[in-house]
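For reference, the structure discussed in these notes is given below.
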Amino acid sequence: MRTVDIIQKKRDGLELTTEEIRFLIEGYTDGSIPDYQMSAWAMAVFFKGMNARETADLTMAMASSGDQIDLSSIPGVKVDKHSTGGVGDTTTLVLAPLVAAAGVPVAKMSGRGLGHTGGTIDKLEAIPGFSVELTEEQFTRQVTEQGVAVIGQSGNLTPADKKLYGLRDVTATVNSIPLIASSIMSKKIAAGADAIVLDVKTGSGAFMKTLDDSIKLAQAMVAIGSEVGRECVAIISDMDQPLGAAVGNALEVQLAVETLQGNGPKDLEEVCLTLGSHMLVLAGKAATAEEAVSKLQELIRSGAGFRKFKEFVAAQGGDSSVLDDPTRILNVKEVVPVVAEQDGYVASITAEEIGVAAMMLGAGRETKESQIDLSVGLRLRKKSGDAVKKGETLADMYVNNTGSVEAVKRKVLDAYRIVSNPVEPDPLIYAVIT
Ligand code: URA
């Protein structure tokens with residue numbers, strides 16, 4: 001088999017065989033296929049696409065390119081959840097303990113934040129003592145005994161994807177639906193999921209800016225699931241404005257606690273209940289999504305979800321007492337309000353700008369090497385559709401580096417669009433793809 005023939009075949013819009021795709025991925029992973037040939041192939045895929053079978057073959061070839069986590073010793077259906085990323089998306093912190101309290105085993109690998117989006121691992125590390133590094137044996141034991149564990153991604157998970165993603169990033173081939181779908185699904189499959197619930201974000205703060213593209217990506221991932229025997233459900237949710245009310249690591253822990261105690265923002269609660277309900281159904285813990293929502297609401301009402309959060313934090317070495325008073329982890333010099341400059345109604349809040357503002361305060365990384373401050377960030381006091389008076393607080397900045405305050409304030413004000421007439425906020429959940 002010759003790489004050049006495979007590139008040419010795809011360039012001409014023809015379908016690649018399973019063997020050709022495997023040859024390409026194995027050769028690229030072991031270094032026998034160079035970057036320049038892989039770039040040409042990625043560009044051919046960008047223009048000519050791949051069908052569902054080819055995309056599934058690419059997914060499985062990448063999933064088996066490195067370590068694969070074996071969760072088969074843990075009883076029950078292991079349902080993973082994945083979000084395509086956004087601003088203020090603290091759903092994993094709520095959902096992991098909540099669905100575990102419903103009897104669904106949660107064995108989750110999560111990432112760190114980069115750029116304007118946050119990462120679950122950083123958020124959990126805002127809890128003193130919390131360790132995201134468990135051996136595979138500790139990880140599976142904790143899931144078996146406590147029902148939930150969350151760790152950082154293993155160094156050698158899907159090395160083919162890591163290499164290919166780096167290449168796509170510098171060859172203008174990131175934005176290809178089959179390449180994105182296979183990249184995401186390969187990591188979920190290598191991490192051992194039996195079934196997967198996907199939260200595909202849409203809007204200004206999301207990877208996919210339009211609803212049409214978000215639906216196509218969701219459909220491609222669900223199709224991979226059915227090709228490779230992993231049940232998969234995707235929801236399309238809004239990321240035109242940040243989700244919930246907190247952007248920043250400790251602040252998002254605080255908000256997750258409030259949500260598990262039934263006092264969280266309605267949008268965050270609704271996304272969590274929707275994702276969680278599909279997780280329960282896929283795990284066989286509820287017959288319908290409606291029944292699952294009632295179960296999850298009861299676990300919030302009874303405090304069982306919050307108690308599971310405390311157990312989970314303690315099991316991973318964290319100081320669970322801070323969850324009773326999360327203000328203890330908001331160690332900032334100042335809380336500075338950003339106030340409205342006019343009366344009106346919030347028409348939109350550009351999620352990406354808010355994410356960048358939080359990053360400027362030190363909550364996020366500009367590069368992989370940046371150090372972050374886990375305490376700082378933004379607490380949003382007004383969301384789309386809310387009425388606001390001049391001088392009223394739109395958001396509070398939790399600040400340690402006081403030198404950044406004025407620039408961040410401007411950024412937050414620019415992110416809020418205030419108009420004189422009442423506005424209907426965008427829908428929160430646009431579609432469920434099965
Ligand atoms: N996230 C991924 O993991 N892969 C992509 O290709 C894009 C977003």
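We count ligands from 1, going down the list as the structure has it; atoms in each ligand are counted the same way. Keep in mind it's a predicted model, so treat the numbers as computed, not measured.
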Report task. Check the pair Gln254 / Leu330 against side chain to side chain contact (heavy atoms under 4.5 Å, CB included), numbers first and verdict last. Result -> CA-CA 9 Å; Gln254 182 186 41; Leu330 298 174; 3.7 Å; yes

**Report entry** Whether Asp12 side chain and Leu14 backbone form a donor-acceptor pair below 3.5 Å
**Finding:** no

Query raised in the report: Between the side chain of Asp240 and the main-chain N/O of Ser204, is any donor-acceptor distance below 3.5 Å?
Result: yes

Report task. Would you give the length of the straight line joining atom CG of Asn249 to atom OH of Tyr398, rounded to the nearest 0.5 angstrom? Result -> 14.5 Å

Query raised in the report: Among side-chain atoms of Thr202 and Ser214, is any donor-acceptor pair under 3.5 angstrom?
Result: yes

Requested in this report: For ligand 1, list the protein residues that place a heavy atom within a distance below 4.0 Å of one of its atoms, sorted by chain and number.
Outcome: Tyr165, Arg168, Ile180, Ser183, Ile184, Lys187, Phe207

Enumerate donor-acceptor pairs with a distance under 3.5 Å from any side-chain N or O in residues 285-292 to protein atoms, sequence neighbours excluded.
unit_1: Thr288; atom_1: OG1; unit_2: Glu291; atom_2: N; d: 3.0
unit_1: Glu291; atom_1: OE1; unit_2: Ala287; atom_2: N; d: 3.1

